[in-house]
Peer 1: 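Have a look at the structure that comes next, please.
Just so we're clear, the structure is a prediction, and the values are computed from it rather than from any experiment. Just the heavy atoms: all of them, side chains too, but no hydrogens, waters or symmetry mates, feed the values below.
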4 protein chains.
Amino acid sequence: MVEEIITSTEEVNSSLLKSFVERIERLDEERVGLVEDIKSVYDEAKATGFDTKILRKVIAIKSMDKDKREEFETLLDLYLSALGE
Amino acid sequence: MVEEIITSTEEVNSSLLKSFVERIERLDEERVGLVEDIKSVYDEAKATGFDTKILRKVIAIKSMDKDKREEFETLLDLYLSALGE
Amino acid sequence: MVEEIITSTEEVNSSLLKSFVERIERLDEERVGLVEDIKSVYDEAKATGFDTKILRKVIAIKSMDKDKREEFETLLDLYLSALGE
Amino acid sequence: MVEEIITSTEEVNSSLLKSFVERIERLDEERVGLVEDIKSVYDEAKATGFDTKILRKVIAIKSMDKDKREEFETLLDLYLSALGE
DNA sequence: TCAGATAAAATCGCGC
DNA sequence: GCGCGATTTTATCTGA
């Protein structure tokens, strides 16, 4: 094959594969770094007196679609009342 | 401070809370961006003919190797410090 | 069925829900009991002179070995099935 | 030493250690079995039409102390109103 | 939509 | 008793 003068198909696949793996691993390191940064902000908030569990919930609620939130609450109430709670 | 006249300890420092929420939301947006970037690389790899399921598994195993090495180092350190007492 | 006359599709089947909740709660109690048993064994080991931190790490590494082997088997299966297509 | 006729201290420690490890691993297998059982019940509930996410929340709320639950809600509202949400 | 994999959040246990 | 790290549990996401 003509390509064999330069590289075999296997070699191409191999280096291509390595390239993908490296790109993914590098991006994932960055992602983990951000997760740590976020954790640091929560720690800072905690040190200032905020309750991080509530803070997490607040942020989750903000990011939640309003309709979805209400639907969730409604269903929750329905289940709880069915249990007599 | 002036605010202390009107802010009871039961109230939350609203502007401080807003600041924390904004910082977290911004970092989280970046994190989500990276998650999307990672997905794009997987898509690109798939388009080049790689099986993403296999690719994910390869990367998972590499990561487990790393974790395992680190765990073993930790165990060694523990043993050594236990012997040093 | 008679109940269908008075039960809309929007309502929940209360007795069925109760049954599921009870089954889950009972199984969870058993689970918590086992967690306590495990803790007792660690306490016993500690009283016999073993360092529980090291013991936990040893067991964690054994478990990781197992996971790693299984992951590798999965990867092999994936490769083989990919080649078989 | 007298014991050396039968076993060395190292052997005793070794078999004792093995015994602890085995007991813990066996109990943990049982624990994992129960976790799987619980998951099966959730699956069954899901197949019957229940929303497992809500179901989990319902069970969590039931197991929560009433005072704690109300305190949580109050603080959540406080944070949300501080953010003007 | 579903299971199975991955990531995030909450809880637990230890040491200071 | 409180923070910190490890574990467990919950939720999200991906691919079939």
Peer 1: Return the value, rounded to whole Å, for the distance between atom CZ of Phe50(B) and atom P of dG15(F).
Peer 2: 16 Å
Peer 1: Quick one: Arg31(B) CZ to dT6(E) P, roughly how many Å, whole number?
Peer 2: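 It works out to 16 Å between those atoms.
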Peer 1: If you pin Lys53(B) and Val35(A) to their nearest nucleotides in DNA chain E, which one's is more 5'?
Peer 2: Lys53(B)
Peer 1: Expressed as a whole number of angstroms, how long is the span from Ile61(C):CD1 to dA6(F):P?
Peer 2: 12 Å
Peer 1: Run the salt bridge (charged side-chain N to carboxylate O under 4.0 Å, His left out) test on Glu73(B) and Arg69(B) for me, step by step, so that the C-alpha distance in whole Å, both residues' side-chain angles and the decisive distance to 0.1 Å come before the verdict.
Peer 2: CA-CA 6 Å; Glu73(B) 290 298 322; Arg69(B) 263 195 304 279; over 6 Å; no
Peer 1: Reading DNA chain F from 5' onward, which residue's closest nucleotide shows up sooner: Asp28(C) or Asp43(B)?
Peer 2: Asp28(C)
Peer 1: Rounded to the nearest Å, what distance is computed from the CG atom of residue Leu55(C) to the P atom of nucleotide dT7(F)?
Peer 2: 12 Å
Peer 1: Salt bridge (charged side-chain N to carboxylate O under 4.0 Å, His left out) for Lys18(D) and Glu22(D)? Distances and angles first, verdict last.
Peer 2: CA-CA 6 Å; Lys18(D) 275 180 192 160; Glu22(D) 274 164 24; over 6 Å; no
Peer 1: To the nearest Å, give me how far apart CD (Glu70(B)) and C1' (dG5(F)) are.
Peer 2: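 It works out to 14 Å between those atoms.
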Peer 1: Find which nucleotide of DNA chain E each of Arg56(B) and Lys57(A) is nearest to by heavy atoms, and output the residue with the more 5' nucleotide.
Peer 2: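 Going by which nucleotide is closer to the 5' end, it is Arg56(B).
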Peer 1: Is there a salt bridge (charged side-chain N to carboxylate O under 4.0 Å, His left out) between Lys68(B) and Asp65(C)? Walk through the geometry before answering.
Peer 2: CA-CA 8 Å; Lys68(B) 200 160 144 34; Asp65(C) 277 339; 2.6 Å; yes
Peer 1: Respond yes when some side-chain nitrogen or oxygen of Thr52(C) is under 4.0 Å from OP1 or OP2 of dG13(E), and no when none is.
Peer 2: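 For Thr52(C), the contact criterion (side-chain N or O under 4.0 Å from OP1 or OP2 of dG13(E)) is not met.
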Peer 1: Please report the distance, rounded to the nearest Å, between CG in Asp67(C) and P in dA5(E).
Peer 2: 12 Å
Peer 1: Mind calculating the distance between OH (Tyr42(A)) and P (dA10(E)) to the nearest angstrom?
Peer 2: 8 Å
Peer 1: Identify, with sequence neighbours excluded, every residue that meets salt bridge (charged side-chain N to carboxylate O under 4.0 Å, His left out) alongside Asp28(C).
Peer 2: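 Applying salt bridge (charged side-chain N to carboxylate O under 4.0 Å, His left out) to Asp28(C) gives Arg31(C).
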Peer 1: Round to the nearest Å and state the distance from Lys46(B) atom NZ to dG15(F) atom C1'.
Peer 2: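 Spelled out: NZ on Lys46(B) to C1' on dG15(F) is 7 Å.
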